[in-house]
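Written out below as structure tokens is the structure these notes cover.
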Number of protein chains: 2
Amino acid sequence: MMIISRIPEQVIILNRIDRPPTTTRPDEGLKSLVKVVRVLHVFSRTARALSLAEICQRTGYPRSTTHRLLSSMREAGLLDQDRNRDRYRLGLKLYELGNTVLANMDLHREARPYVEALGRLTGQVVHLAVFDGRHAVVIGKSESQIDATSGAFLESAPAHCTSVGKAILAYQPDAVLDTFLAEGLARFTDTTITDPAVLRQELELTRSRGYSIDQAEHQPGLNCVAAPIRDLSGRVFAAVSVSGAAWKTPPSDVGRVAKIVIHHADAISRALGHGA
Amino acid sequence: MMIISRIPEQVIILNRIDRPPTTTRPDEGLKSLVKVVRVLHVFSRTARALSLAEICQRTGYPRSTTHRLLSSMREAGLLDQDRNRDRYRLGLKLYELGNTVLANMDLHREARPYVEALGRLTGQVVHLAVFDGRHAVVIGKSESQIDATSGAFLESAPAHCTSVGKAILAYQPDAVLDTFLAEGLARFTDTTITDPAVLRQELELTRSRGYSIDQAEHQPGLNCVAAPIRDLSGRVFAAVSVSGAAWKTPPSDVGRVAKIVIHHADAISRALGHGA
DNA sequence: CTAAATTGTCCCGTATACCGGGATTCTATT
DNA sequence: AATAGAATCCCGGTATACGGGACAATTTAG
């Protein structure tokens with residue numbers, strides 16, 4: 001008995017005419033997928049394992065719905081469940097997918113020549129890093145380019161106390177920055193920025209001049225200058241930096257070095273298709 | 001034997017007679033989520049960027065459906081799209097989620113004492129690694145335990161030529177192994193196993209004796225012995241190994257060392273809740 | 001340069017797959 | 001053993017996603 005849908009046939013023709021931009025909402029698409037992603041985002045480094053009730057509370061979804069959702073996600077491998085009746089956590093499959101993302105980045109190939117050139121030009125160590133929401137993960141280095149497809153070293157450091165981290169952070173949407181700040185800013189040296197308000201100012205400054213600096217905020221005696229790299233959709237997702245011992249890099253040099261770093265970073269962005 | 005549904009209601013019969021016409025299966029849950037995951041799995045290290053048509057072809061879904069699906073996934077951040085009308089690839093958000101999975105693993109905490117004990121007992125270097133579908137990623141080492149929450153080094157090597165890799169691979173479901181083999185086995189030394197059939201045999205052997213060995217298959221002159229680690233659902237997802245210079249470890253020692261490695265690996269599994 | 005073929009996007013009625021209140025079962029606590 | 005609280009299951013009703021097909025934007029062929 002389906003009496004539900006009975007739409008007047010006359011209206012149909014008119015449909016094509018009215019194409020006012022306001023009526024067509026950005027329509028988030030599949031409703032269930034929105035829910036799934038929402039659930040995934042409930043997990044974080046401080047919320048590693050959550051019960052059904054906790055997930056309900058944080059998402060606002062009804063218990064029954066959430067339960068079905070979680071079961072399906074577990075079945076699909078997006079979530080793992082501690083034993084049979086216990087808490088949920090992010091699934092191992094996500095780790096696998098994440099590593100595939102990293103391995104498939106064009107950044108490895110495209111950035112190599114620029115990273116090496118930058119190393120030769122400055123005579124200092126150059127780092128290439130991507131952002132994972134919390135850390136700046138180093139995927140390339142002058143003199144020892146990393147090849148993610150055949151085994152590699154990966155080094156990572158918190159984003160708030162490294163030049164690459166701040167260069168990326170400065171261009172993230174507010175939501176990302178808020179999430180980042182929510183987990184706290186650990187101190188590493190006596191110059192590490194641990195006050196969220198101060199960091200926001202620092203990022204503002206970084207945006208305004210186009211490059212970031214690290215004054216021994218992670219490792220004592222080590223200064224760095226970094227500039228952001230954009231993917232072909234224009235989003236900042238990586239950065240390059242030049243590092244040097246503090247006593248070897250007088251403040252007067254920073255501006256000069258920064259220009260070179262920015263130039264190379266922009267070249268990498270272009271190689272990735274940004275603005276093409 | 002199997003009673004599918006215990007609802008012998010006579011009343012309902014009129015309304016929905018056909019209960020088990022097509023779906024007698026354990027009901028995979030949200031249909032759309034199954035599709036989403038299927039699409040995610042179409043991507044791999046050899047299929048980095050795919051067009052709508054290619055994805056349709058590989059999944060078998062109709063164009064229209066796939067298009068809607070891809071749009072929603074892009075909106076959700078699960079996929080990124082090169083420019084506006086171009087290919088799709090796995091989204092950066094997946095990388096972020098993957099790193100969260102790694103950071104949230106109890107393995108870091110729980111395994112540390114056992115890894116260190118194993119290092120003291122054998123006097124050799126001990127590695128703790130997890131599997132990402134392709135590589136064995138080292139997340140812990142005797143003498144220098146890695147803390148994923150505050151910055152770290154990660155070293156990874158292909159699974160087919162390391163003891164940790166083979167220990168994990170030996171216990172993976174067929175589908176995972178097939179995917180792994182499909183991308184080829186790179187040669188590193190003259191003992192590296194590059195023939196899929198030979199590797200399958202080797203894994204069979206590994207299963208039967210409970211530990212794996214690496215006879216200089218990745219680095220010349222370096223032998224290793226590894227044993228699998230299970231999470232609390234019983235799945236093998238990690239392994240520990242002991243490495244030593246080939247000339248220092250006579251074949252007669254392998255059995256003795258393997259026993260110790262297995263013992264510690266099992267202890268870690270238990271600490272994670274396996275069999276509790 | 002035009003035409004044909006291919007590929008991406010949009011529309012819409014329909015069928016179905018999901019929603020969520022509430023009953024039921026299971027586990028933890030007193 | 002009894003109670004409370006959480007997780008799981010059920011089922012009617014309806015919102016939602018499906019997918020054929022039209023249309024638009026490319027690319028390739030002529």
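Basis for what follows: all heavy atoms, side chains included, without hydrogens, waters or symmetry-related copies. Below, read A as the first sequence line, B as the second, and so on, with proteins coming before strands; counting in each chain starts at 1. All values derive from a computational prediction rather than experimental measurement.
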Would you say C/dG8 has OP1 or OP2 under 4.0 Å from some side-chain N or O of B/H67?
no

Between the main-chain N or O of A/T179 and the side-chain N or O of A/E183, is there a donor-acceptor pair closer than 3.5 Å?
no

Any pair with a residue in residues 95-108 of chain A that passes salt bridge (charged side-chain N to carboxylate O under 4.0 Å, His left out), sequence neighbours left out, goes on the list, sorted by first then second residue, please.
A/D106-A/R109, A/D106-B/R48, A/D106-B/R89

B/L50 atom CG is separated from C/dT7 atom P, nearest whole Å, by 14 Å

Rounded to whole Å, the CG-P distance (B/L30 to D/dT16) equals 14 Å

Atom pair distance, as rounded to whole Å: CG in B/D82 and P in C/dG8:
13 Å

Provide, to the nearest angstrom, the distance between the NZ atom belonging to B/K31 and the C1' atom belonging to D/dC18.
12 Å

The criterion is side-chain contact (heavy atoms from CB on, under 4.5 Å); which residues satisfy it with A/Q57, sequence neighbours excluded?
none

Can you tell me which residue among B/D178, B/L177, B/L181 is in a side-chain contact (heavy atoms from CB on, under 4.5 Å) with B/P196?
B/L181

Does OP1 or OP2 of D/dA7 have a side-chain N or O of A/S51 closer than 4.0 Å?
yes

Please report the distance, rounded to the nearest Å, between CG in A/D86 and P in D/dG5.
19 Å

Table of protein N/O atoms under 3.5 Å from nucleotides 26-28 of chain C N/O atoms:
| residue | atom | partner | partner atom | Å |
| --- | --- | --- | --- | --- |
| C/dC26 | O4' | A/R85 | NH2 | 3.4 |

Within the pair A/R68 and C/dC18, is there a side-chain N or O less than 4.0 Å away from OP1 or OP2?
no

Residue pairs fulfilling side chain to side chain donor-acceptor pair (under 3.5 Å) with at least one residue in residues 263-274 of chain A, sequence neighbours excluded
none

Whole Å only: how far is the OH atom of A/Y88 from the C1' atom of D/dA6?
12 Å

Backbone of B/L272 reached by a side-chain donor or acceptor of B/D231 within 3.5 Å:
no

Tell me which residues in residues 54-66 of chain B put a heavy atom below 4.0 Å from DNA chain C, sorted by number, or none.
B/S64

Salt bridge flag under 4.0 Å for residues A/D80 and B/R235:
yes

Can you find a side chain N or O atom of A/K35 that sits less than 4.0 Å from OP1 or OP2 on C/dC18?
no

Degree of bending, the helix from C/dC1-D/dG30 to C/dT30-D/dA1 (end axes from five pairs; round to 10°)
50°

With a 3.5 Å cut-off and no angle check, do the side chains of B/S51 and B/E54 form a donor-acceptor pair?
yes

Take the protein atom CZ of A/R74 and the nucleotide atom C1' of D/dA7, then report the distance between them rounded to whole Å.
11 Å

In short, A/L90 meets B/T100 closest at the heavy-atom pair CD1-CG2, 3.9 Å

How long is the line joining CG of A/L33 and C1' of D/dT16, in whole Å?
14 Å

Sidechain-backbone polar pair: B/S72 side chain, A/L30 backbone, donor-acceptor under 3.5 Å:
yes

Of A/R74, A/K35, A/R38, which is the lone residue that meets side-chain contact (heavy atoms from CB on, under 4.5 Å) with A/L69?
A/K35

With side-chain contact (heavy atoms from CB on, under 4.5 Å) as the criterion, how do B/N99 and A/V137 come out once you've worked through the C-alpha distance, each side chain's angles and the decisive distance to 0.1 Å?
CA-CA 10 Å; B/N99 276 40; A/V137 181; 4.0 Å; yes

